[in-house]
Participant: 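Please find one structure pasted underneath; my questions will follow.
In this text, all values refer to a predicted model and were calculated from it rather than measured experimentally.
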Amino acid sequence: MDFINNVAEALPSYLVPLSVTVSATLFGAMFALIVAFSLGLMAGSKITVVRGVARTIIEFFRGTSLVVQLFWFVVVLPQVFEVRFDAVLVVAILALGMNYGAYAAEVVRGSIAGVATGQWEACVALNLSYWQKMRLVIIPQAWPEMIPPLSTLAILLLKEAPWCRWWDWPT
């Protein structure tokens with residue numbers, strides 16, 4: 001009975017870290033999805049400059065550790081560029097979103113590239129604009145291929161969110 005009382009007394013102290021983890025995960029996943037579609041569409045572009053910018057961003061965020069990126073967002077950016085983040089949770093959302101968005105951008109790019117050539121040709125035959133083509137034909141066919149790897153990335157994001165324990169970072 002003493003064990004149950006100790007657990008019941010300690011339970012409220014877990015609510016703050018849990019809320020930080022859940023909010024960093026949810027908002028980070030939403031931001032990562034926006035970044036993924038933006039960078040994924042840019043990486044599949046036929047324009048060399050657009051594709052180069054996307055590849056540079058993707059490779060930078062995929063090539064560095066999330067802990068290093070958090071360090072840069074929390075410590076280095078405020079000192080070098082004099083950028084201050086008032087809410088440290090915003091830093092977590094930015095770092096998680098950019099890191100996992102870069103990984104998910106490859107999923108988006110690969111899924112879109114995996115759509116059958118005949119579908120692209122049918123869009124040309126129907127004289128659809130680029131955005132109509134993407135919105136009405138290509139992305140609905142690529143979306144089922146994106147769901148499993150994006151779900152895996154969301155689980156990994158949830159597992160990385162506890163790195164965002166703000167009370168341990170210097171301010």
Participant: Kindly work out whether a path of hydrophobic side-chain contacts (I/L/V/M/F/W/Y, heavy atoms less than 4.5 Å apart) joins Val107 to Ile155.
Facilitator: no
Participant: Are the side chains of Ile138 and Trp120 in contact, using a 4.5 Å heavy-atom criterion?
Facilitator: yes
Participant: Show the nearest heavy-atom pair for residues Pro148 and Pro144, with the distance to one decimal.
Facilitator: CD-O, 3.5 Å
Participant: Does Tyr103 reach the side chain of Asn99, with side-chain heavy atoms less than 4.5 Å apart?
Facilitator: yes
Participant: Any side-chain heavy atom of Leu33 within less than 4.5 Å of one from Leu150?
Facilitator: yes
Participant: With rounding to the nearest 0.5 angstrom, report the CG to OH distance, Leu157 to Tyr100.
Facilitator: 6.0 Å
Participant: Just so I know, are the side chains of Val75 and Leu70 near enough to count as touching, which here means a heavy-atom distance under 4.5 Å?
Facilitator: no
Participant: Going by the rule side chain to side chain contact (heavy atoms under 4.5 Å, CB included), which residues pair with Ser65 if we only count those two or more places apart in sequence or in a different chain?
Facilitator: Val67, Val68
Participant: Which residues satisfy the side chain to side chain contact (heavy atoms under 4.5 Å, CB included) test with Ile57, sequence neighbours excluded?
Facilitator: Leu39, Val53, Phe61, Met98
Participant: Do Leu66 and Gln69 have side-chain heavy atoms sitting under 4.5 Å apart?
Facilitator: yes
Participant: Are Val108 and Ile34 joined in one hydrophobic group, where the rule is that I, L, V, M, F, W and Y side chains link up if heavy atoms are under 4.5 Å apart?
Facilitator: no
Participant: State, yes or no, whether a side-chain contact exists between Trp72 and Thr64 at a heavy-atom distance under 4.5 Å.
Facilitator: no
Participant: Any chance you could measure Ile93, atom CD1, to Thr25, atom OG1, to the nearest 0.5 Å?
Facilitator: 10.0 Å
Participant: Looking at every heavy atom in both Ala8 and Pro12, which two are closest together, and how far apart are they?
Facilitator: O-CD, 3.5 Å
Participant: Under the rule for side chain to side chain donor-acceptor pair (under 3.5 Å), what residues qualify as partners of Glu106, not counting sequence neighbours?
Facilitator: Arg55, Arg109
Participant: Does Ala116 offer a backbone N or O that forms a donor-acceptor pair with the side chain of Gln119 under 3.5 Å?
Facilitator: no
Participant: If I compare all heavy atoms of Ala24 with all of Ala92, which pair ends up nearest, and what's the gap?
Facilitator: CB-CB, 4.5 Å
Participant: Establish whether Leu126 and Val124 are linked, either directly or via other cluster members, by ILVMFWY side-chain heavy-atom contacts under 4.5 Å.
Facilitator: no
Participant: If the condition is side chain to side chain contact (heavy atoms under 4.5 Å, CB included), which residues does Leu41 pass it with, not counting sequence neighbours?
Facilitator: Ile112, Tyr130, Trp131, Met134
Participant: Show which residues join Leu18 in its hydrophobic cluster (side-chain heavy-atom contacts under 4.5 Å, direct or indirect), or state none.
Facilitator: Val22, Leu26
Participant: When rounded to the nearest 0.5 angstrom, what distance separates CE in Met42 from OG1 in Thr56?
Facilitator: 9.5 Å
Participant: If the condition is side chain to side chain contact (heavy atoms under 4.5 Å, CB included), which residues does Ile47 pass it with, not counting sequence neighbours?
Facilitator: Ser45, Val50
Participant: In terms of heavy-atom contacts, does CZ of Phe27 have more than 12 from other residues, nucleotides or ligands at under 6.0 Å?
Facilitator: no
Participant: Count I, L, V, M, F, W, Y as connected when their side-chain heavy atoms are under 4.5 Å apart, and connections chain through other members. Are Ile139 and Leu153 then in the same cluster?
Facilitator: yes
